Amino acid sequence: MIAVDKIYLDNAATTQIDEKVLEEMQRVALENYGNASSLHSLGQNALEELEKAREKTAKLLGCKASEIYFTSGGSESNNTAIKGAAGKKLIVSAVEHPSIIKTAEFLKENRREVVFAPVDEKGIIKLEELKKEITSETALVSVMHANNEIGSIQPVKEIAELCGEKVLFHSDMVQTAGKLEIDLHKLNADLASVSGHKFYGPKGNGVLYIKEDTKLDALIHGGGQENKMRSGTENIPGIAGFSKALELAYKNRETEMQRQEKIRDKIIQSLLEIKKSKLNGHEKQRLSNNVNFSFFGVEGEALITMLDFEGIQASTGSACSSKSLKISHVLKAIGLDHIWAHGSLRISLGKNNSEKEVEVALEKIPEVIEKLRKMSSVKI
Amino acid sequence: MIAVDKIYLDNAATTQIDEKVLEEMQRVALENYGNASSLHSLGQNALEELEKAREKTAKLLGCKASEIYFTSGGSESNNTAIKGAAGKKLIVSAVEHPSIIKTAEFLKENRREVVFAPVDEKGIIKLEELKKEITSETALVSVMHANNEIGSIQPVKEIAELCGEKVLFHSDMVQTAGKLEIDLHKLNADLASVSGHKFYGPKGNGVLYIKEDTKLDALIHGGGQENKMRSGTENIPGIAGFSKALELAYKNRETEMQRQEKIRDKIIQSLLEIKKSKLNGHEKQRLSNNVNFSFFGVEGEALITMLDFEGIQASTGSACSSKSLKISHVLKAIGLDHIWAHGSLRISLGKNNSEKEVEVALEKIPEVIEKLRKMSSVKI
Amino acid sequence: MYSEKVMEEFKKPKNMGKIKNPDAIAEVGNPICGDMMKVYLKVKDNKIEDVKVETFGCVSAIATSSKATEMIKGKTLDEALKLTEKEVADALDGLPPIKMHCSVLAVKAIKKAIEDYKKKQLCRNDL
Amino acid sequence: MYSEKVMEEFKKPKNMGKIKNPDAIAEVGNPICGDMMKVYLKVKDNKIEDVKVETFGCVSAIATSSKATEMIKGKTLDEALKLTEKEVADALDGLPPIKMHCSVLAVKAIKKAIEDYKKKQLCRNDL
Ligand SMILES: Cc1ncc(COP(=O)(O)O)c(C=O)c1O
Ligand SMILES: Cc1ncc(COP(=O)(O)O)c(C=O)c1O
């Protein structure tokens with residue numbers, strides 16, 4: 001399957017599906033292929049499979065089954081949450097994923113009031129400034145649980161409290177589901193988004209948590225599936241795979257996260273030894289699997305590509321890597337200088353990464369940076 | 001896998017995935033699991049897989065690859081087409097799938113002008129009346145290629161001509177893709193929807209065709225995938241499965257459709273022998289796999305359930321079978337009396353149905369109807 | 001969707017059919033809703049000696065008309081009048097919320113038949 | 001995304017580095033865009049005897065600066081001035097549309113260096 005010489009360090013972008021998940025999906029696809037809206041037994045068996053997956057997911061996320069709505073992924077969940085909430089003013093953090101930022105910008109163009117709440121230089125939201133922005137006109141606040149680029153973990157508990165009972169609080173938990181403990185009822189979030197392919201589940205499958213009695217417009221209308229909130233024939237094999245993957249992730253969460261954290265810290269130590277290098281994001285309040293560095297005088301796309309020649313697969317927030325040729329809005333929001341931002345490298349670990357692989361990567365990375373710096377017109 | 005005693009005659013609701021498709025999906029999921037937006041080779045391989053699937057799909061549907069947009073299914077495609085078209089007035093046929101009807105109703109509540117164009121008693125759109133409704137204010141006309149309940153095939157070519165160059169024409173082709181020949185360029189449609197699970201492909205995967213230079217708002221904003229029209233990490237295993245399934249369906253289309261048509265006509269002949277029974281929809285201009293009957297004095301949900309006891313899985317447009325307790329809007333639109341509408345039975349064939357199975361079903365159906373009629377307070 | 005008890009009741013519904021020369025008949029429901037029930041009673045010594053029902057309707061309509069008629073058979077008229085929709089639904093381990101109106105219908109038909117009978121008796125007594 | 005030729009050129013870029021005592025130098029681009037190139041020329045008998053380039057930039061920036069410098073090496077100044085962005089891109093089997101600006105940059109740097117050289121020559125001739 002995966003070529004032995006490849007070292008995949010891009011698990012925040014997506015993960016390889018777990019074979020156990022794939023087997024579960026295959027079983028459901030062949031056995032319970034009915035349409036859950038069909039009255040006959042094949043349909044009813046499919047419905048049962050669906051509700052079992054919903055129960056399982058709810059339990060793992062600390063909410064009721066009736067509060068779990070299956071979607072086609074994180075982007076759809078985020079769009080539904082942001083577009084579905086009626087009301088005048090929206091506040092989203094400046095470091096949200098594009099599926100929040102672009103949606104907010106779209107609404108802004110369509111006569112809604114939108115505020116992008118600032119973060120500090122480590123990517124953590126400025127609570128005081130957020131508090132000032134929350135007024136009686138505010139319909140919804142959206143702040144992600146942890147950032148996909150720099151891994152900074154947000155104080156969601158405090159934010160939920162700031163929102164209180166009157167303002168909806170949505171949190172994009174795409175990068176934390178399966179990695180951090182999530183108890184939606186305890187957190188008192190109103191809305192939360194999760195995506196399966198970030199924890200060895202299937203792509204194209206996600207969840208939107210909607211707290212009981214929360215009023216939200218559907219994004220996709222039709223046959224009335226998912227309690228009228230999300231129409232379309234349910235992708236039950238995918239949903240079964242999603243819940244299975246989430247279950248597997250939580251089964252072994254603590255040990256696995258400790259293992260990754262150890263590797264992460266080793267990488268950070270090692271990369272700090274490179275001259276004119278710098279860690280982006282928070283040192284402690286950060287995802288166990290995230291490393292984000294900047295190397296002065298090196299451009300990210302070139303760095304990623306040259307690392308790829310060595311079999312190392314990572315990512316960057318460089319402008320040249322994006323379709324818009326703008327540097328990552330996250331690196332901009334934490335106030336990183338352009339040259340530094342262009343030279344960013346994200347390494348995101350996963351359960352399949354061995355210490356050995358990481359050692360190899362840590363040998364190659366300084367070599368590649370050295371090589372690019374030699375060619376560069378920006379001298380360190 | 002499928003229990004031998006089950007006779008699945010509900011292929012319009014959904015189909016069992018083809019094992020070849022499942023294998024293809026599994027291959028892609030394990031080999032090319034990268035994120036197509038990632039710059040490294042795993043990402044680029046995934047991108048290649050994606051574009052290969054797009055090419056293949058485009059060829060089969062008679063359009064350019066750049067006009068194919070992958071979505072999470074028919075409902076999303078329909079919602080994107082209807083909501084994404086700017087402009088004052090929308091016209092949709094009265095027999096559209098709920099993912100069009102409910103979306104149109106939602107827009108109507110939100111201050112758009114919506115007209116539901118009538119059909120005749122066989123479910124075919126009244127072209128003259130449609131023509132009258134198309135004015136300079138009309139932004140979009142949506143008429144499905146063939147109806148999911150009664151199988152009536154619409155004169156889409158004529159409708160496309162009525163729309164001309166100024167009015168967008170969208171066609172829901174969910175029930176016809178893989179069954180009828182589709183040449184989108186020749187048809188001159190602007191928008192068309194397709195869903196994978198109707199032709200032995202994966203659930204949760206569909207396509208929206210958008211003719212070059214057609215202006216449409218995205219429904220899901222974010223990372224800018226699918227040429228900014230549909231954000232979200234692409235479900236490439238699903239997309240590969242979708243295009244594979246479409247390919248398989250078209251490979252053998254003519255022979256298979258002839259086979260199903262023969263069985264269909266046999267069923268129709270046989271059910272017409274039941275007293276006070278009636279075929280719904282058009283006799284000729286109908287899907288090769290669709291039979292829709294009404295039996296006077298029998299209620300559909302009870303009929304379906306009792307057939308299920310005999311291992312026969314079919315569907316009904318009865319009010320009791322729906323979440324809203326209203327009879328099917330399609331049966332209403334063709335002017336069927338309530339009692340007749342409550343007694344509707346849809347049989348939809350698929351490639352896995354044998355003649356033998358159908359013979360068994362044709363023995364059981366009259367028995368079950370007889371039994372229910374005996375209990376019924378509505379006497380024939 | 002349905003409980004096992006509903007399905008069992010539907011699979012083998014009791015008391016289906018007509019009574020010849022019944023002491024009372026009542027019909028409820030209408031074809032637009034898709035549920036119509038006709039209840040036939042045979043009464044002796046103020047007790048329901050026999051009851052039959054004809055039902056045009058869905059699974060829960062048939063199951064509840066079967067169960068409700070079973071529940072009143074042999075009871076006095078006054079006892080039978082006390083039957084509630086909830087009792088019928090409970091006896092079937094519940095009905096899906098959207099189907100609760102079916103249990104209403106069965107009880108309604110029975111009550112209507114009994115009241116019909118009582119009225120006729122009153123008239124007769126007045127003679 | 002990139003053609004094989006781009007990738008090859010990027011994998012083994014030519015003419016990278018500085019020239020000591022160059023006859024001309026030019027720098028183009030800016031750090032905000034993430035592309036900066038510095039071209040060094042050695043000129044003899046109106047011909048480009050040697051050329052080197054330093055590039056801070058992405059894959060296509062590095063590949064085009066390598067390819068463009070290769071294409072002018074040994075040419076006369078006037079021939080080199082005729083080099084177009086399209087020729088560079090074509091020599092690499094094309095660039096992704098969004099990356100075309102990189103080929104502009106490489107050609108711009110070379111032209112700027114040559115013009116710079118010519119200006120200096122003019123001044124010298126004027127002495
Ligand atoms: C934080 C965050 N939110 C949302 C998404 C979007 O999820 P999906 O790709 O499933 O649409 C992603 C990843 O792509 C993400 O990292
Ligand atoms: C005609 C028609 N349109 C749209 C849909 C919706 O497709 P999906 O279930 O993939 O959302 C269906 C089937 O469910 C259909 O039959």
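Residue numbering restarts at 1 for every chain, and letters A, B, ... go by the order of the sequence lines. The structure presented is a predicted model; accordingly, all values stated were derived computationally and were not measured. Just the heavy atoms: all of them, side chains too, but no hydrogens, waters or symmetry mates, feed the values below.
In the model, Ser41(B) has a side-chain atom that pairs as donor or acceptor with a side-chain atom of Gln313(A) under 3.5 Å. In summary, the side chains of Lys83(A) and His221(B) do present a donor paired with an acceptor at a separation below 3.5 Å, with no hydrogens or angles considered.
Interface remark: Ala314(A) contributes backbone atoms only to the contact with chain B (heavy atom separation under 4.5 Å). Only the side chain of Asn79(A) comes within contact range of chain B, with at least one heavy atom under 4.5 Å from a heavy atom of that chain. Proximity to chain B is limited to the side chain of Asp217(A), based on heavy atoms less than 4.5 angstrom apart. Only the side chain of Leu22(A) comes within contact range of chain B, with at least one heavy atom under 4.5 Å from a heavy atom of that chain. If you measure heavy-atom distances from Thr103(B) to chain A, the contacts under 4.5 Å come from both the backbone and the side chain. In this structure, the portion of Glu234(A) lying under 4.5 Å from any heavy atom of chain B is its backbone and not its side chain. Neither the backbone nor the side chain of Thr80(A) comes within contact range of chain B; no heavy atom of the residue lies under 4.5 Å from a heavy atom of that chain. Proximity to chain A is limited to the backbone of Thr15(B), based on heavy atoms less than 4.5 angstrom apart. With a threshold of 4.5 angstrom between heavy atoms, Ser315(A) does not approach chain B through any atom at all. For Ser37(B), the part sitting under 4.5 Å from any heavy atom of chain A is the side chain, from C-beta outward, and nothing else. Heavy-atom distances place both the backbone and the side chain of Ile220(A) under 4.5 Å from chain B.
Residues Leu219(B) and Leu219(A) form a side-chain contact, since some pair of their non-hydrogen atoms from C-beta on lies under 4.5 Å apart. Here the side chains of His40(B) and Tyr8(A) are in contact, with some heavy-atom distance below 4.5 Å. Looking only at side-chain heavy atoms (C-beta outward), Asp10(B) and Leu42(A) stay at 4.5 Å or farther from each other.
Ala13(A) and Ser38(B) make their closest contact through CB-OG, 3.8 Å (heavy atoms, listed as atom of the first residue, atom of the second, distance). Nearest heavy atom pair, residue Gly34(B) against residue Thr14(A), reads C-CG2, 3.7 Å.
Looking only at heavy-atom pairs under 4.5 Å with chain A, the residue among Glu301(B), Lys102(B), Met25(B) that has the most is Lys102(B). Ranked by non-hydrogen atom pairs under 4.5 Å with chain A, the options Ile17(B), Asn32(B), Ile82(B) are led by Ile17(B).
Distance alone, capped at 3.5 Å, is enough to place a donor-acceptor pair between the Lys203(A) side chain and the Tyr33(B) backbone.
Applying the ring pair (Phe, Tyr, Trp, His ring centres under 6.0 Å) rule to His97(A) yields no partners; only residues at least two apart in sequence or on another chain are considered.
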inquiry  = Go through it in stages, so that I can follow the logic: the residues are Leu39(A) and Thr316(B), the test is side chain to side chain contact (heavy atoms under 4.5 Å, CB included), and I'd like the CA-CA distance, side-chain angles, deciding distance and then a yes or no.
reply    = CA-CA 9 Å; Leu39(A) 295 171; Thr316(B) 176; 4.2 Å; yes

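Of residues 224-233 of chain B, those residues lying under 4.5 Å from chain A by any heavy-atom pair are Gly224(B), Gln225(B), Arg230(B), Ser231(B), Gly232(B), Thr233(B).
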